[in-house]
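Quick note: residue numbers are just sequence positions, from 1.
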Amino acid sequence: LFTTVIWAIAAEHYGIKQIEELFASQGKTKKLVWACAITYVGVLAAVFFYRDASFSRLFVLLSAIFLFLLTIISRISFRVVLARRCQNGDRVRILVIGADQYAQRAARSLVAGQVMPCTLVGFVRLADQTAAVADGPIYEMADIEELARANGIDDAVIAIPPQRFSEIPAILSELSPLCVPTRAVLDLGDGVFVRDRLFDFGGIVMLDLHAHPTESVMYFLLKRLFDFAFSALVLILMSPLLLLTSVLIKLSSRGPVLFVQERVGLNGQIFRMYKFRTMKASSSRESDTRWTVPDDPRRTKLGAFLRKTNLDELPQFWNVIKGDMSIVGPRPERPHFVEKFLRDIETYHARHYLKVGITGWAQVNGWRGDTSIATRVEHDLYYLRNWSLTFDLQIILLTIFRVFVGRNAY
């Protein structure tokens, strides 16, 4: 049961369940490998902690191999069935409602698609519409009843520009004699991509136009579980070092052990971020509005070492436990600078679509501290578009090898 739940989440995240993925030009096997890998990492972790029953490691290995092979076999079988249907001339006969250039583009995409073999019965010209199609016969709305009697149509596809969507109820009424499934091509124009679905929200039909990773089960559940477990492990293992660092800070300079500062997180919410204090105690106004510079005179001797080794960041794992931050994400910025960057950089707000992190794609590429904000935002947007648990693991590994060397850390 546990394996099935994890596999379902992984398959959902990597698109294994989507028919369209069967015909992707590349990347299908890679996605399947990652889905299986994540599933069995979870299985092995559960087996390690679950002591009421023992499982043969050979059994677990064989089940992983069979999961991979059976998924490939089922996908190949599905493609073979579709190919045979196409060879036997068993095609879906489509009537396109619309006869302008918009309908022409939609029809050609349908015929060229690999998901289901299609053939065009013709186009239906709407009122006040200039015909601009050349791939089939053109009918009028008055011909619908005759087309229905001919019984040569499997599907009707409404292909009209967005500005005519208000006509769809009337068009559906006129198409009722066909008694076939009717669909609409949803093209909202250049730059608007429908990546998710229509859904009913309390009786209101809504369409996801700009969905974010935070809305996915993978991000909401698995990333949170990983963050919590990883942070708890770090805090437990590092507890002697945390205690020693706290004592040294207290003995080496006057002031509190922890430096607490307001930062901007997910959806622009303000939270209090924790770090080990590395500078001489000063007013919050100065620290909230001033960048740290090389050889900053405000640093203590111990603070310089902590910043160089990034040990001052360790208390932020408590922020992760609380849910304010994630292990990986855009670095949180101070409200003063967020207001400034929002005025100067058009896309800066997009970095707040995700939880902020202890490390991130920009940081492992050297863009931290007083460096180009525009380039840092580009890296944050890349992370937003390409987020996955495997990408997080890659960034964590790169952090160990790159960030700890202290480049731009002062």
Between the main-chain N or O of G303 and the side-chain N or O of T300, is there a donor-acceptor pair closer than 3.5 Å? yes

Within a strict 4.5 Å, meaning less than it, do heavy atoms of the R307 and M279 side chains meet? yes

List for me each residue that meets salt bridge (charged side-chain N to carboxylate O under 4.0 Å, His left out) alongside K322, sequence neighbours excluded, and say none if there are none. D324

Verify whether one side chain among K223 and S326 offers a donor that lies under 3.5 Å from an acceptor in the other. yes

Apply side-chain hydrogen bond (donor to acceptor under 3.5 Å, both in side chains) to S63 and list each qualifying residue two or more places apart in sequence or on a separate chain. Y40

Once ring-ring contact (aromatic ring centres under 6.0 Å, His included) is applied, do any residues pair with F305, and if so which ones, sequence neighbours excluded? none

Could I get the full list of salt bridge (charged side-chain N to carboxylate O under 4.0 Å, His left out) partners for R331, not counting sequence neighbours? E313

Tell me which one of I168, T182, L175, L172 satisfies side-chain contact (heavy atoms from CB on, under 4.5 Å) with I97. L175

Between I73 and F78, is a side-chain contact (heavy atoms from CB on, under 4.5 Å) present by the stated rule, with each step listed? CA-CA 9 Å; I73 290 171; F78 197 87; over 6 Å; no

Could you pull out all residues at least two apart from D344 that satisfy salt bridge (charged side-chain N to carboxylate O under 4.0 Å, His left out)? K340

If you look at every heavy atom in Y382 and N386, which pair is closest and at what distance? O-ND2, 2.8 Å

For residues D380 and L384, determine if any side-chain heavy atom of one lies less than 4.5 Å from a side-chain heavy atom of the other. no

Taking atom CZ of F259 and atom CE of M273, what is their separation to the nearest 0.5 Å? 7.5 Å

Side-chain heavy-atom pair E174, I144 within 4.5 angstrom cut-off: no

Between L95 and V157, does the side-chain contact (heavy atoms from CB on, under 4.5 Å) criterion hold? Intermediate values first, please. CA-CA 6 Å; L95 178 67; V157 175; over 6 Å; no

Check: R125 side chain, Q129 main-chain N or O, donor-acceptor pair, under 3.5 Å: yes

Under the ring-ring contact (aromatic ring centres under 6.0 Å, His included) test, which residues partner F226, sequence neighbours left out? F230

Who are the side-chain contact (heavy atoms from CB on, under 4.5 Å) partners of V180, not counting sequence neighbours? I153, A156, L178

Is there a donor-acceptor pair under 3.5 Å between the side chain of K355 and the backbone N or O of I327? no

Set of side-chain contact (heavy atoms from CB on, under 4.5 Å) partners for T119, sequence neighbours left out: R91, R93

Short question: side chain of E333, backbone of V264 - any donor-acceptor pair under 3.5 Å? no

Would you mind reporting whether S388 and F391 have side-chain heavy atoms less than 4.5 Å apart? yes

Run the side-chain contact (heavy atoms from CB on, under 4.5 Å) test against L242 and tell me which residues pass, sequence neighbours left out. L235, M238, F276, L314

Looking only at heavy atoms, which two atoms of A106 and A159 are closest? And how far apart? CB-CB, 3.9 Å

Please test M325 against D227 for side-chain contact (heavy atoms from CB on, under 4.5 Å), starting from the C-alpha separation and ending with a verdict. CA-CA 9 Å; M325 297 176 62; D227 283 344; over 6 Å; no

Just to verify, what does P161 make a side-chain contact (heavy atoms from CB on, under 4.5 Å) with, not counting sequence neighbours? D100, Y102, Q163, R164

Separation between CD1 (I373) and CZ (F337), nearest 0.5 Å, reads 8.5 Å

Inter-residue atom distance T359.OG1 - L398.CG, 0.5 Å rounding: 8.5 Å

May I have the step-by-step check of side-chain contact (heavy atoms from CB on, under 4.5 Å) for V33 and T29, ending in yes or no? CA-CA 6 Å; V33 168; T29 303; 4.2 Å; yes

CZ of F317 to CD1 of I236: how many Å apart, nearest 0.5 Å? 12.5 Å

What's the separation between atom CD1 in I321 and atom CD in Q316, rounded to the nearest 0.5 Å? 13.5 Å

Side chain K250, main chain G255, donor-acceptor under 3.5 Å: yes

With sequence neighbours left out, the residues meeting side-chain hydrogen bond (donor to acceptor under 3.5 Å, both in side chains) with T39 are none

Can you confirm whether more than 12 heavy atoms, excluding those of F271, are under 6.0 Å from its CZ atom? yes

For V320 and S231, which heavy atoms make the closest approach, and how far apart are they? CG1-OG, 3.1 Å

When rounded to the nearest 0.5 angstrom, what distance separates CG in L61 from CZ in F66? 10.5 Å

How close do L126 and E167 get, heavy atom to heavy atom, and via which atoms? CD1-OE1, 4.5 Å

Under a 3.5 Å cutoff, is there a donor and acceptor pairing between the side chains of Y383 and D392? yes

Heavy-atom nearest pair, A131 first then I138, reads CB-CD1, 3.7 Å

Closest heavy-atom pair, P332 versus R263, reported as atoms and distance to 0.1 Å, is O-NH1, 2.8 Å

Is the backbone of R272 close enough, under 3.5 Å, to the side chain of N319 for a donor and an acceptor to pair up by distance? yes

Test of understanding: with salt bridge (charged side-chain N to carboxylate O under 4.0 Å, His left out), list the residues that count as partners of R277, not counting sequence neighbours. none

